[in-house]
Amino acid sequence: MSRLEVRDLVVGYDATDVLRSVSLEVPDGSLLAIVGPSGCGKTTLLRTIAGLVRARAGEIRIGHRMATTHGIHLAPEKRRIGWVPQDAALFPHLTVAENIAFGLPTARGSARSARRAANRDDVRRLLDLVGLGSLGDRLPTQLSGGQAQRVALARALASGPDVVLLDEPFGALDPILRAELRRSVRELLREEGVTGILVTHDQAEALSIADLVGVMRGGELLQLDTPEQVYRRPATPWVAGFVGDAVFLPGTWHGDEVACALGRLPADWVSDDAATASPLEAPVDGASVDVLVRPEELLLRPLEAVLEGAPAAGGAAGWAGLAATVTAVSYTGHDAMLSLVLDDETRIDARVTAAGLLPVGTRVAVSTTSRVLAYAAGGR
Ligand SMILES: Nc1ncnc2c1ncn2[C@@H]1O[C@H](COP(=O)(O)OP(=O)(O)OP(=O)(O)O)[C@@H](O)[C@H]1O
């Protein structure tokens, strides 16, 4: 049982608090990805969980053990935590197998013990586990970046940790290797049943491999949810923009609908008060709101076809839309982002498949069939 629980954690280095009352729970065997802008406190959170930084207040419970609470600070080596840093940080004078053996509890941080343990079955198992079975005798300088990260992971797993903390472990790798390694790391953690926290700068990475995503800003955890909920129902407009492309339109609230530049759309009200777990009361009729639409939820048709009354793709009834002009195209291969200006001067982006690409200057009708989200106006 290695559930991780953090309650009301406050951490600071000097006069200012870097983490402000952070609470989170990672269920046994789950992977939580933490994202947030540079300096928001992600590494500090990991370091505090690992016991490398002392908390000013709050609790950290790892499995059944209380690691941090008022007056208690369990030493890092007693927390049963494995650490995978961004740069692998392997010992250059030890072989791959010796580096992994260094993580064994019996090595107790001694290179001599690590050398003696390098041929043990558990080291071989870890080498195989991370797909480096034949490279045990190599030195770190003879490894690629991805291989070095695999060794760092094996070394972190060698101690039989309850929780593995991964601080930007794929940051220095090229995109293809990065995608490959993150998939195998995810599988490995699952196979080993280890609970993990991964810090990453890559929102897409967080959404694609984690069971839970935590979004931090300025020392606070704004949302902790499944990847789908974080993307589909962001707690605040800022979270919406941080985890993906977002189109915000000014609008007014009318019961469970909003009126905005795209017309009258079915809408859900979302509290923008990160401090309260329960949603704020829905606004009064006619109140100003910010309307969130994801660019892929916008539907475009050449305006000409709409004016001529041609049926929409899929035969959708009542598909009319607002007139707009394509002002720029950002092509990414599988899809493209089109910048549009509506006739009322509102600027929005729409994501289309490569097949739906329209050149700059095309007049289009824009609409959406999605339910949109409404936030208190001015909360961005
Ligand atoms: N040892 C330290 N002493 C003083 N201030 C520190 C120390 N370490 C970090 N900080 C400050 O604490 C804040 C949070 O830093 P932290 O490294 O946790 O952020 P981060 O979200 O991991 O950033 P990045 O994504 O850039 O790695 C920053 O303002 C940073 O300058």
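Numbers here are sequence positions counted from 1. Atoms within each ligand, like the ligands themselves, are counted from 1 in listed order. Predicted, not measured: the structure shown is a model, and the values here were computed from it.
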I'd like the contact residues of ligand 1, where contact means a heavy atom below 4.0 Å.
Y13, V18, P37, S38, G39, C40, G41, K42, T43, T44, H201
Under-4.0 Å salt bridge between R138 and E98
no
Please name all residues satisfying salt bridge (charged side-chain N to carboxylate O under 4.0 Å, His left out) with R7, sequence neighbours left out, ordered by chain then number.
E5, E25
Separation between OH of Y375 and CG of D268, rounded to the nearest 0.5 Å:
10.0 Å
Salt bridge (Lys or Arg N to Asp or Glu O under 4.0 Å) partners of residues 34-54, not counting sequence neighbours, each pair once:
none
Tell me the closest heavy-atom pair linking P283 and W253, and the distance in Å.
O-CD1, 3.2 Å
With sequence neighbours excluded, what pairs up with D174 under the side-chain hydrogen bond (donor to acceptor under 3.5 Å, both in side chains) test?
none
